[in-house]
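First the structure, then my questions, so here it is.
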Amino acid sequence: MSRYDHTQVEPKWQAAWAEAGAFTARRDPARPKYYVLEMFPYPSGRIHMGHVRNYTMGDVIARYKSSAGFSVLHPMGWDAFGMPAENAAMATGGHPKTWTYNNIAVMRDQMKPLGLSIDWSREFATCDPEYYGQQQAMFLDFLEKGLVYRKNAVVNWDPVDMTVLANEQVIDGCGWRSGAPVERRELTQWFFRISEYSDELLSALDGLENWPEKVRTMQANWIGKSRGLQFSFDLTAPAGDIDAIEVYTTRPDTLMGASFVGISADHPLARQLEAGREDVAAFCAECRQMGTSEADMEKAEKKGFDTGLRVRHPLDPSWELPVWIANFILMDYGTGAVFACPAHDQRDLDFARKYDLPVKNAFFLPGEDTPVGTEALVPAKSETVRFADHFAGIAETTGEAAVEATIRFAETAGWGRGVENYRLRDWGLSRQRYWGCPIPVVHCDSCGVVPERKENLPVLLPDDVSFDVPGNPLDRHPTWRDCACPSCGAPARRETDTMDTFVDSSWYYARFTAPRATTPTDAEDAAYWMNVDQYIGGIEHAILHLLYSRFFARAMNICGHLPDSAREPFDALFTQGMVTHAIYLTRNAEGRPVYHYPEEVESRDGRTVLTETGAEVEVIPSAKMSKSKNNVVDPLNIIRDFGADTARWFILSDSPPERDVEWTASGAEAAFRHLQRVWRLADDVRQRAEEAGAAGPSDEDRALEKATHRAIAEVTAGIEGFAFNTSVARLYAFTTTVAKSQASVPAKAAAMRVMAQLISPMTPHLAEEIWTMLGGTGLVAQAPWPEADPAMLVEDTITLPIQINGKKRSELQVPPDMPKAEIEKIALADPAVQKALGGGSPKKLIVVPGRIVNVVV
RNA sequence: GCGGGCGUGGUGGAAUGGUAGACACAGGAGACUUAAAAUCUCCAGGCGCAAGCCGUGCGGGUUCGAGUCCCGCCGCCCGUACCA
């Protein structure tokens with residue numbers, strides 16, 4: 001028997017698509033456009049199953065939309081700047097540029113056999129000077145519009161390697177290479193004014209109806225709009241030139257429960273005390289011996305230091321509160337100072353108990369008067385509570401009302417004001433690293449910070465750098481820093497900081513619309529192709545990348561690089577799950593895990609064992625693929641053994657796209673068998689078509705035709721609804737239907753041509769092959785998507801389940817349009833219902849036509 | 001710590017508040033074959049001979065009816081601003 005040979009078929013059709021230019025995106029005024037984009041990959045060196053999943057999903061959409069008559073843009077590029085290239089250079093002595101471009105070449109070669117409908121002519125890497133040069137031009141535009149500025153900010157400093165560390169390079173408070181405790185150090189850095197747009201970025205979330213609710217919620221919480229009271233605590237005695245501490249609180253109604261005022265170790269007051277007092281300096285130094293990561297700070301033990309200073313309570317000048325420096329207060333949020341109310345905040349309470357500070361209830365639950373013990377009383381703001389002191393004329397009311405009353409009270413009395421505050425901070429883009437986009441400014445002794453002239457762009461990264469010592473090679477380069485001031489012409493120094501790689505990925509989607517333009521974008525191309533109609537990527541990018549991109553599109557619009565309609569660049573977003581795989585491990589003599597490759601284990605008598613030794617293996621199902629755990633499945637092996645279509649089919653089949661999918665060898669084999677079966681079916685029909693003449697239409701033909709239309713409707717609904725796994729399930733069922741059908745050969749051929757079309761977004765090579773075998777015209781990739789005839793979807797009878805007290809006990813076969821009264825009559829006559837009623841009448845009878853009957857007895 | 005999400009048979013999963021387990025994997029039985037592979041047919045949530053009972057992480061609640069909605073737990077995953 002002949003078999004489907006993917007090694008022949010897949011390259012053949014890839015060549016045919018290329019020759020037809022099937023995936024070249026063209027501006028076509030006659031057709032609606034559709035821009036589908038998957039988050040572009042970091043060129044780590046090899047593609048993995050996560051890439052296969054991401055790009056296959058996008059490809060399904062791209063191919064489907066193309067068939068549905070859209071002019072499709074489906075590009076691919078490389079997020080190519082970043083730390084791993086420098087780490088590789090340090091580890092192996094190569095150059096980040098060589099490493100990166102080699103990786104890109106390898107990964108491109110690995111991706112092409114997947115048969116993705118990508119317009120490769122638009123490919124670029126963010127480390128191409130043509131790309132980062134345009135990014136530098138935009139930076140200058142942003143600078144001109146006041147969207148970028150400089151200020152001081154803290155970084156993780158490794159005092160041994162004398163270099164700035166990323167948060168992920170800080171492990172348990174120490175540098176990953178040196179092992180030395182990190183310090184926080186302040187540097188002057190560049191910032192984008194994203195916080196100016198907090199309100200717009202927040203309110204515009206409402207319009208993103210085709211974004212997952214969870215992503216919108218996460219972004220809203222991240223932006224963190226709050227309303228509260230800002231006011232000052234006066235120091236009982238001034239410390240230097242500071243005589244008050246400004247605080248912001250969202251719970252001013254707890255003011256009468258205040259226990260102490262806490263300030264950040266970076267607060268101006270702390271700095272001032274630090275200069276003159278060793279004990280304060282020691283504590284602040286300890287606070288700074290912690291990385292800058294929020295998670296680390298929050299999880300660290302809460303520590304404080306009593307400065308000995310005291311402030312007066314704004315409502316009672318005789319009430320004095322101590323001022324503490326605390327390690328969990330961020331200088332970047334609010335005013336860098338808070339007042340603590342231990343009775344109504346668990347963190348404050350833990351702190352107060354630890355340092356034996358007073359705990360006083362501001363309010364109680366109605367009808368209670370037990371003071372807080374070890375658990376803070378934190379009712380929802382909407383809940384009514386009884387206030388202990390009626391300071392703002394509030395007695396028993398909700399937290400919300402009390403907050404507003406307190407703000408009004410403070411404003412009237414003139415000691416505080418209601419303000420809106422955002423958690424979102426400005427975006428620090430400076431990186432003290434080599435492998436990134438140089439920030440195109442110059443430092444001149446007489447002119448200060450001067451933007452580079454646009455005609456001098458791109459400011460190219462020098463190639464002659466070494467990574468044998470830690471730190472930024474741009475800083476120690478013998479000549480690169482030297483330049484002439486663009487303003488006065490005197491000798492000056494280039495900025496040696498490069499840009500955060502989030503900058504690169506904040507506008508690549510716009511660049512794809514005109515990747516070779518000599519300006520960042522081309523107005524006509526941007527107007528035609530923007531917005532991205534469907535963006536697909538991992539949930540890990542829910543906040544930073546997507547928020548920065550939303551800001552960037554606005555900034556680009558302000559500078560004339562994007563039309564007004566593209567201020568919100570992604571119309572629809574889909575976040576896909578991870579690809580996981582079982583981990584197989586045994587234990588060595590010390591009980592440490594030893595990880596085994598999937599090929600090293602097999603199943604014997606229901607147990608999993610090492611093939612070689614027969615030793616029993618522990619199996620951890622569904623773990624994230626990780627090189628160190630030896631559970632990575634290489635897509636190339638799958639493509640070699642089974643073909644790209646099998647990999648694509650499997651990765652779509654088993655799990656809903658938004659959830660994690662577990663790669664299993666048996667699942668991949670099953671996918672392969674199914675594709676073989678589809679091919680055999682087509683081959684069988686082709687052979688019999690040559691033998692047999694056409695017969696007249698029969699009931700079997702009609703039944704197959706109805707099944708075909710049902711398949712069209714269901715598969716299409718699955719694709720439209722991003723439920724590719726259900727489309728796949730329908731296609732399995734449709735295959736069985738065709739195989740078992742006794743319909744005539746022409747009817748079966750027609751069904752199989754529709755099959756070819758329906759599978760074409762998922763398994764495009766097999767689709768082309770059987771389309772051609774069965775006499776389809778041209779490429780199936782260019783054939784119009786089939787439409788289901790609604791008349792063919794109507795059923796003659798439907799099954800109506802009968803429940804008794806909500807449990808299914810029987811069922812009826814009825815015409816779909818049977819009136820309610822008649823259904824009731826038949827249902828009550830049903831033997832199971834009769835038995836349950838026992839001669840009586842039902843308490844209640846619910847009939848949902850076309851759905852269900854429920855008899856309550 | 002905080003914010004967000006997820007949890008259904010041996011496994012992956014399906015299910016506009018309306019028949020829980022579609023479609024597959026693994027498993028079992030059978031057909032074909034000298035045999036195996038491949039292919040095809042059938043069985044299959046748990047307990048029970050059966051009638052039936054129990055079942056969607058755990059505990060409550062709303063509803064005629066809850067996997068789905070609400071409240072509280074537990075577990076895992078993502079993010080936490082210099083990983084990308």
Side-chain angles (χ1 to χ4, degrees), chain A residues 1 3 39 41-42 44 79 81-84 155-156 164-170 189 212-215 217-222 224 291-300 302 328 332 346-347 423-433 500-502 504-505 538-545 547-548 575 577-578 580 582 603 606 621-622 624 653-656 658-662 664-667 669-671 673-674 676-677 680 723 725-726 728-733 736 739 799-803 805-811 842-846 848 850-856:
Chain A
M1 185 200 277
R3 277 168 70 96
M39 290 178 186
Y42 179 79
S44 57
D79 188 13
F81 276 134
M83 281 204 311
V155 294
N156 299 307
V164 177
L165 299 176
N167 282 337
E168 72 156 13
Q169 295 174 317
V170 179
Q189 311 206 59
E213 189 66 45
K214 61 182 170 185
V215 175
T217 306
M218 280 190 264
Q219 291 214 349
N221 289 338
W222 184 262
T292 57
S293 122
E294 188 203 304
D296 286 349
M297 286 180 66
E298 288 286 340
K299 278 187 260 185
K302 308 291 177 286
F328 57 85
D332 291 326
Q346 191 61 43
R347 189 170 63 180
R423 206 187 73 102
L424 180 64
R425 310 199 292 260
D426 276 337
W427 169 15
L429 68 118
S430 296
R431 294 294 179 271
Q432 294 70 40
R433 276 186 256 284
D500 177 9
T501 56
F502 274 124
D504 311 337
S505 56
I539 186 70
E540 66 272 22
H541 296 293
I543 296 173
L544 293 181
H545 162 61
L547 191 61
Y548 290 160
T575 56
M578 293 184 300
T580 64
S603 183
S622 301
K624 186 175 184 167
S653 68
D654 253 22
S655 287
E658 69 276 16
R659 262 206 254 176
D660 292 352
V661 62
E662 180 164 4
T664 60
S666 57
E669 283 160 25
R673 284 201 302 272
H674 174 74
Q676 291 283 348
R677 186 183 183 211
R680 281 199 310 274
N725 56 321
T726 61
V728 166
R730 286 352 309 163
L731 284 165
Y732 269 112
T736 303
T799 303
L800 209 56
I802 300 181
Q803 294 184 333
N805 293 334
K807 294 201 172 190
K808 192 202 158 194
R809 287 290 181 255
S810 183
E811 58 187 35
K843 261 194 205 151
K844 202 165 183 180
L845 183 61
I846 291 131
V848 185
R851 275 278 166 212
I852 206 157
V853 177
N854 192 10
V855 186
V856 185

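Values below: all heavy atoms of this structure, side chains included; hydrogens, waters and symmetry mates excluded. Labels below follow one simple rule: chain letters A, B, ... track the order of the sequence lines, proteins then strands, and each chain is numbered from 1. In this text the structure is predicted, and so the values were computed from the model without any measurement.
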(request) Name all residues meeting the side chain to side chain donor-acceptor pair (under 3.5 Å) criterion together with A:Ser655; count only those two or more places apart in sequence or in a different chain, and write none if there are none. (result)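 So A:Ser655 forms no side chain to side chain donor-acceptor pair (under 3.5 Å) with any residue.
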Margin query: Apply the syn/anti split at 90° from 0 to B:G45 and say which one it is.
Written below: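 Anti, since the glycosidic angle lies more than 90° from 0.
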* If a stem is a run of at least 3 consecutive Watson-Crick or G-U pairs, both distances under 3.5 Å, which stems include RNA chain B? ->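 RNA chain B forms these stems: B:1-7 with B:74-80, B:10-12 with B:23-25, B:27-31 with B:39-43, B:45-47 with B:52-54, B:57-61 with B:69-73.
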- Qualifying residues under side chain to side chain donor-acceptor pair (under 3.5 Å), relative to A:Asp504, sequence neighbours excluded: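 For A:Asp504 the side chain to side chain donor-acceptor pair (under 3.5 Å) partners, ignoring immediate neighbours, are A:Gln135.
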Whole angstroms only, please: what is the NZ-C1' distance between A:Lys299 and B:C2?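 In whole Å, B:C2 C1' and A:Lys299 NZ are 10 Å from each other.
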Base B:G1 to side chain A:Gln346, donor-acceptor N/O within 3.5 Å cut-off:
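There is none.
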Expressed as a whole number of Å, how far does the C1' atom of B:C78 sit from that of B:C23?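 Approximately 29 Å lies between the C1' atom of B:C78 and that of B:C23.
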In whole Å, I'd like the distance from the CZ atom of A:Phe81 to the C1' atom of B:C83.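 Result: 17 Å.
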### Task
Please evaluate the base of B:U16 for a donor-acceptor partner in the side chain of A:Arg851 within a cut-off of under 3.5 Å?
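Side chain to base: pair found, below 3.5 Å.
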**Report entry** N/O (side chain, A:Ser653) to phosphate O (OP1/OP2, B:A24) under 4.0 Å
**Finding:**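 No, outside the criterion.
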- Message: Show the nearest heavy-atom pair for residues A:Gln219 and A:Ile543, with the distance to one decimal.
- Response: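 Shortest heavy-atom contact: NE2-O, 3.6 Å.
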Using atom CD of A:Glu298 as one end and atom C1' of B:G1 as the other, report the distance to the nearest whole Å.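 Going from CD in A:Glu298 over to C1' in B:G1 covers 5 Å.
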**Item:** Distance-only donor-acceptor test (3.5 Å): side chain A:Gln169, base B:C82
**Value:**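 Side chain to base: no pair below 3.5 Å.
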How many whole angstroms separate atom CG of A:Asn156 from atom P of B:U80?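 Nearest whole value for this atom pair: 14 Å.
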Given protein heavy atoms under 4.0 Å, the one-letter contact record of nucleotides 37-42 of chain B, with B base, S sugar-phosphate only and - none, is simply --SSSS
query: So which nucleotide from B:C83, B:G79, B:A14 ends up closest to the side chain of A:Glu540?
result: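 Selected nucleotide (nearest to the side chain): B:G79.
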Between A:Asp296 (CG) and B:G79 (P), how many Å, whole number?
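Going from CG in A:Asp296 over to P in B:G79 covers 14 Å.
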The criterion is side chain to side chain contact (heavy atoms under 4.5 Å, CB included); which residues satisfy it with A:Asn221, sequence neighbours excluded?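 Applying side chain to side chain contact (heavy atoms under 4.5 Å, CB included) to A:Asn221 gives A:Thr217.
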Original post:
Considering only the P atoms, how many Å lie between B:C2 and B:A15, rounded to the nearest integer?
Top reply: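 Straight-line distance between the two P atoms is 34 Å.
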- Phosphate-side-chain proximity, A:Thr501 and B:A84, N/O vs OP1/OP2 below 4.0 Å: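 Checking B:A84 against A:Thr501, a side-chain N or O does come within under 4.0 Å of OP1 or OP2.
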message: Run the ring pair (Phe, Tyr, Trp, His ring centres under 6.0 Å) test against A:His541 and tell me which residues pass, sequence neighbours left out.
response: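 Counting only residues at least two positions away or on another chain, A:His541 forms a ring pair (Phe, Tyr, Trp, His ring centres under 6.0 Å) with A:His545.
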* **Protein-nucleotide distance (A:Arg425, atom CZ; B:U80, atom P), rounded to Å** =>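 These atoms are roughly 12 Å apart.
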**Asked** Of all residues at least two apart in sequence or in a different chain, which pass the side chain to side chain donor-acceptor pair (under 3.5 Å) check with A:Asp426?
**Response**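 A:Tyr149, A:Ser195.
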The contact string for nucleotides 3-10 of chain B, one letter per nucleotide 5' to 3', using protein heavy atoms under 4.0 Å with B, S and - for base, sugar-phosphate only and none, comes out as SSS-S---
Check: Which whole-number value in Å describes the distance from A:Gln219 CD to B:C78 P?
Finding: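 For the pair A:Gln219 CD and B:C78 P, the rounded distance is 19 Å.
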field: Residues in side chain to side chain contact (heavy atoms under 4.5 Å, CB included) contact with A:Glu294, at least two apart in sequence or another chain
entry: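 Result, side chain to side chain contact (heavy atoms under 4.5 Å, CB included) vs A:Glu294: A:Glu298, A:Arg423.
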**Asked** Which nucleotide sits closest to the side chain of A:Glu168: B:G18, B:C83, B:C23?
**Response**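 Nucleotide nearest to A:Glu168's side chain: B:C83.
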What residues form a ring pair (Phe, Tyr, Trp, His ring centres under 6.0 Å) with A:Tyr42, not counting sequence neighbours?
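Partners of A:Tyr42 under the ring pair (Phe, Tyr, Trp, His ring centres under 6.0 Å) test: none.
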Q: Mind checking side chain to side chain donor-acceptor pair (under 3.5 Å) for A:Asp79 and listing every partner two or more places apart, or none if nothing turns up?
A: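 Partners of A:Asp79 under the side chain to side chain donor-acceptor pair (under 3.5 Å) test: none.
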### Task
For residues A:Asn854 and A:Gly806, report the shortest heavy-atom separation together with the two atoms involved.
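Scanning both residues, the minimum pair turns out to be OD1-N, 3.0 Å.
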Identify the pairs formed between an N or O of the protein and an N or O of nucleotides 62-65 of chain B at a distance under 3.5 Å, and give each distance.
{"unit_1": "B:C64", "atom_1": "O2'", "unit_2": "A:Asn854", "atom_2": "ND2", "d": "3.3"}
{"unit_1": "B:C64", "atom_1": "O2", "unit_2": "A:Asn854", "atom_2": "ND2", "d": "2.5"}

